[in-house]
Amino acid sequence: MKNISARHIVSAVFTALSLGAVFFARDYSFKRVWLALVIAAIWFAITLLSGNGFFLKLRDFDRAAWKRIDSVLSEKMLFVNAFLIGLFVFLLGFFAFYPGIFGYDAPLQYEMFTGVYKLDNSQQPLLHTLFLGSVISLGKIVFKNAAAGFALLVFIQGVLIVITGAKAVLFLKRRLVSPIVTLLSYVWVLINPCIGILNCNVTKDVLFGVFFMNFIMAFADMMKEEKTKTSDTVRMVVYGILLCLFRNGLVHALFIAGLVCLIIRIKKKTLYIALASVILFVHLFSFVADVGLGVKKSPLKEFFAVPIQQLTYTVYMSPNAKVTDAEIKKYESFFINTAVIKESFLSNSADGPKLVFDDAALKKDLFGFLSLYLSVGVKNIPGYFNSWLLLERPYFNMNENEYRSLTIQSFASTYFDTDRLVLRKLAKPLKNYRNHLVNGVDTNIAFIFEPFLCFMLVIFLFARAIAYKEKEHLPVLILVLTYIVGILLGPVALLRYTYPLMLMLPLLAGLLFQSKNLK
């Protein structure tokens, strides 16, 4: 018992409370919350075993295992093998969905590129829109067929995904993460039907996931190294810029991560210079895009989707809501058409009320809206919480998500002429493989592929940082947690938003099983 300390107890309590919240959100009841207590007890036992040298002995085993692997495969060959395996799996999906899935916002982005609509750098990243449109246009010029350009776009995206996965294997190997953990987590990514389909979908979240994963690896390398390499600094800056250009909100995450580094006294001047360079460049890019190029800005109401949803639920859908007539009148003053507010309401999407919400009225009386939101919320806390949980619950149980099928819609043939493509007619095995992936997402996502498992890994990583005093992991975790919080405050739960988390599961699993002492 002498090994028990306050941080072990705090770690176990944190695990129990956090997992309890996850299981409650998943089932919307307390019937499985007891699992949190069991898992927390197991975690508590593991933290004590680590104090008795359990993980140090396991680390010796991992060193020996990697030493045997090194005698057969060099790091270069390990990367090549991981790349070839990943490429083979990707090509199966690529040919099965050939020329790819042109879903979500991709059609809108292509129309922005061709001038049908004005460019938008807030909801549709300008860089991704230009990249998407340029490659498709290249196909029209070279192959006289836009569908061929789209196929090229999907292939380029897939190669970048595979390279990143192979780099992740090396990342874990260099940290002496167990070969078994490395292999199993990589296989999990390769056979996950959600990832397999999204790899062939040109939604912006896919390349964002690639950049996010590469940035995490570069950031972790800089945190670990005693003397920072120039190449790692450049790598971090480049991926940081790409990361933020594909998701503007991540600029704030980098700022928070930098503050955490200062608080925990990370003495790496180069790290702060790199973070500052990324933040400065992204703000400069946004300024040039918004002012210099006149790119369309996002309406203010986009940032208040959840509050709008909570107010609508409380005022119109909650029978026991405590709302005065004056508050209802004030609430309705923010809408263009009050007659359709109630009929446009959906419990799993905030898009209905948001569409008829008056952005001009919000800008004119922002303080009044915030005051109304707080005054109603204080009296209706259960209603606010319930409406938010109904909105974001699919992240904890994706099989209840009515929108997960958006991932497999729409095929390129809906938008492009695919009749002249040589590979349009697929062999039967590829068609069967495609149907297997589609059914795996459309009808039932297996429990082991549920995105909420990534949320659980982050919980364990925070608990481990508490138990083992691993402060160097905190900035990395803050980045991942900021993204999770961001999607949990979004207007609708979509499978594509979880792609970056699913893709980086090997990294999360590796950090969880990594020994504190790598020397």
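Computed from heavy atoms alone, side chains included, the values below leave out hydrogens, waters and symmetry copies. Quantities reported herein were computed from a predicted structural model and do not represent experimental measurements.
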Could you tell me if R175 sits above the aromatic ring of F171, with its cationic atom closer than 6.0 Å to the ring centre and no more than 45 degrees from the axis? yes
Contacts under 3.5 angstrom, residues 206-213 side chains, donor-acceptor by atom type, not counting sequence neighbours:
none

Only one of N399, N192, N397 forms a side-chain contact (heavy atoms from CB on, under 4.5 Å) with I445, so which one is it? N399
In Å, rounded to the nearest 0.5 Å, how long is the span from CZ of F90 to CG of L190? 12.5 Å
Quick check on side-chain contact (heavy atoms from CB on, under 4.5 Å): which of L477, I484, T482 does V480 satisfy it with? I484
Would you mind writing out the side-chain donor-acceptor pairs for residues 487-495 within the sub-3.5 Å range, not counting sequence neighbours?
none

Counting heavy atoms not belonging to F155, are there more than 12 under 6.0 Å from its CZ? no
R496 NZ/CZ over Y104 ring centroid, <6.0 Å and within 45° of normal: yes
List in chain and number order the residues that pass ring-ring contact (aromatic ring centres under 6.0 Å, His included) with F460, two or more places apart in sequence or in another chain; answer none if no residue qualifies. W43
Do N201 and T203 get their side chains close enough for a donor-acceptor pair, meaning under 3.5 Å? no
When you measure from the side chain of E450 to the backbone N and O of M398, does any donor-acceptor pair fall under 3.5 Å? yes
Using the side-chain hydrogen bond (donor to acceptor under 3.5 Å, both in side chains) criterion, which residues pair with E302? Sequence neighbours excluded. Q123, K354
Would you tabulate the side-chain donor-acceptor contacts of residues 233-246 under 3.5 Å, counting partners in other chains and residues two or more places apart, or write 'none'?
| residue | atom | partner | partner atom | Å |
| --- | --- | --- | --- | --- |
| T233 | OG1 | K229 | O | 3.2 |
| R235 | NH2 | D221 | OD2 | 2.8 |
| R235 | NH2 | D232 | OD1 | 2.8 |

Below 4.5 Å, heavy atoms only, C-beta onward: do T15 and F44 meet side chain to side chain? no
Spell out, as yes or no, whether a donor-acceptor pair under 3.5 Å connects the side chain of D442 to the backbone of S405. no
Exercise: identify the closest heavy-atom pair between V202 and A106: CG2-CB, 3.6 Å
Quick one: ring-ring contact (aromatic ring centres under 6.0 Å, His included) partners of F452, sequence neighbours excluded? F447
State, with a plain yes or no, whether a side-chain heavy atom of M456 is found less than 4.5 Å away from one of F23. yes
Find the distance between OG1 (T164) and CE (M504) and round it off to the nearest 0.5 Å. 10.5 Å
How long is the span from the CG atom in L481 to the CD1 atom in I459, to the nearest 0.5 Å? 9.5 Å
Do D105 and K204 sit within salt-bridge range, that is, some charged N less than 4.0 Å from a carboxylate O? yes
